[in-house]
Protein chains: 2
Amino acid sequence: VVNWFWRRRDAIVAPRLRPRADASSFTKVDLAELTPDREQFLGRAARVQLVHFEGLSKAVAIATALPSKERLSRAAAIALRKHHLLVAEIERTGATPATVMEKHAKGIEYFQSATIGSDLAETIMSSYISAGLLDDFFSRLAAGLKGETGTRVANLYAAESYEKLLVEELAAAISAQPHLEARMAMWGRRLVGDSMLVARGSLAMPPSSASDEARIEPVFTELIAAHTRRMDALGLTA
Amino acid sequence: VVNWFWRRRDAIVAPRLRPRADASSFTKVDLAELTPDREQFLGRAARVQLVHFEGLSKAVAIATALPSKERLSRAAAIALRKHHLLVAEIERTGATPATVMEKHAKGIEYFQSATIGSDLAETIMSSYISAGLLDDFFSRLAAGLKGETGTRVANLYAAESYEKLLVEELAAAISAQPHLEARMAMWGRRLVGDSMLVARGSLAMPPSSASDEARIEPVFTELIAAHTRRMDALGLTA
């Protein structure tokens, strides 16, 4: 796989102290033309959200401090609600959720194995970076879903986020153990690469020509910019 | 610790084909006099429910079949909702949930380590047997909580149960791998012992005299009878 989405990386400015409120100033590029059919979208989004839940529930289990367990369990509950709402959407189509999700097994299982953290900080970082990027991506891609499904899916992504819970946990961990900083910066770069592969594989038609690529590039540039802000919120260089 | 709650074990009849609907015919013995104060009850019940969630989410993660993951994720969501409702009750008292739960760390962490399964079937069995017994126990013990707290806590235990989801998973596993039967029967016996220790340690006043013991015994006899029905539903001897 060509790491095409890294091509413009040098052009991305990563100001370390940019206010997070800037997020809304980014123009959202329309992904609607690249949205796959409803069943394919929902199967993939639901399967990915289950990975997020498994990561967060692993973090709950390996955290030893109860305040951390509590915060992480809130995040896990949010991921699980999103997953079950997506599964409910699959059920509305009359299809069997497990069957529809199973079609995405190969890519998603690879993604999960590549992004499993080896300790608590890495595990939380995986959820923060990967779920952050992919929820962002699927929420944009939902613009291309027709009718009420599109509205409901957009709403379920917009309704709740665990980003704040995770950034609090991570910032506390890094501040308590400064040696984590370099490792988390490196881990974050790996996570964004694997997450982008999942995003790219979710498009209706993988770009095959230079003009296709050119059309998609702004979207991925925005995803990378959002990623940079997430890293920035931890004081890490993207 | 004396396994006093085994004393009457020989007297328990375990009919293998007893209809599960019989459950309601058992007389519920009043535990109200043994209910600890609100904070102690809630801290322990919430901490135990977090163990149930961790067990179920581990089962979600290690299950490979998506239909199993789906069923188990429903069960995990139920445990997590109960946990968060109990935590909300602690917050209503003005106390900090983590602090209140922390007081029960020692016994509960031992319980968790003793009841962690070594594979998927054992992990699900742990939730089925331990969470079944302990939810049953705390729901009875809640009768002694005063005012609206008691009502809300009783309701949260009564509202949802994952027993049916788990028994379906386990019955399918045992039917597909008959060699599991003997191991699950043995594991179930160990689980009931560890769960009963947690239940006993939750009483306001550990029985110190023969008359105390006599007062509590009917409750534990009922818990064991309910346990026997759970084992029976899997075709296992308790």
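Note that the structure is predicted; figures quoted are calculated from it, not measured. Numbered from 1 within each chain, the chains take letters A, B, ... in sequence-line order.
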**Q.** Closest non-hydrogen atom pair, Glu54(A) against Val60(B)
**A.**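 Closest approach of Glu54(A) to Val60(B): OE2-O, 3.5 Å.
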Q. Considering all heavy atoms of both residues, which atom of Leu80(B) and which atom of Ser73(A) are nearest to each other, and what is their separation?
A.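 For Leu80(B) versus Ser73(A), the nearest heavy atoms are CD2-O, 3.7 Å.
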Side chain, backbone, both or neither: which part of [X] has a heavy atom under 4.5 Å from chain A?
X	value
Val87(B)	side chain
Arg47(B)	side chain
Leu56(B)	neither

Q. Which bit of Ala76(A) is near chain B, if near means a heavy-atom gap under 4.5 Å: side chain, backbone, both or neither?
A.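 Ala76(A) touches chain B through backbone and side-chain heavy atoms alike.
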Q) Side chains of Lys69(A) and His83(B): does their closest heavy-atom pair fall under 4.5 Å? A) no
**Q.** Side chain proximity check, Thr64(B) to Glu109(A), heavy atoms < 4.5 angstrom
**A.**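 No; the side chains remain at least 4.5 Å from each other.
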Q: Rounded to the nearest 0.5 Å, what's the gap from OG1 on Thr99(B) to CG on Leu66(A)? Could you check?
A: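 These two atoms lie 9.0 Å from each other.
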Q: Name the option with the most non-hydrogen atom pairs under 4.5 Å to chain B; the candidates are Glu102(A), His84(A), Met101(A).
A: His84(A)
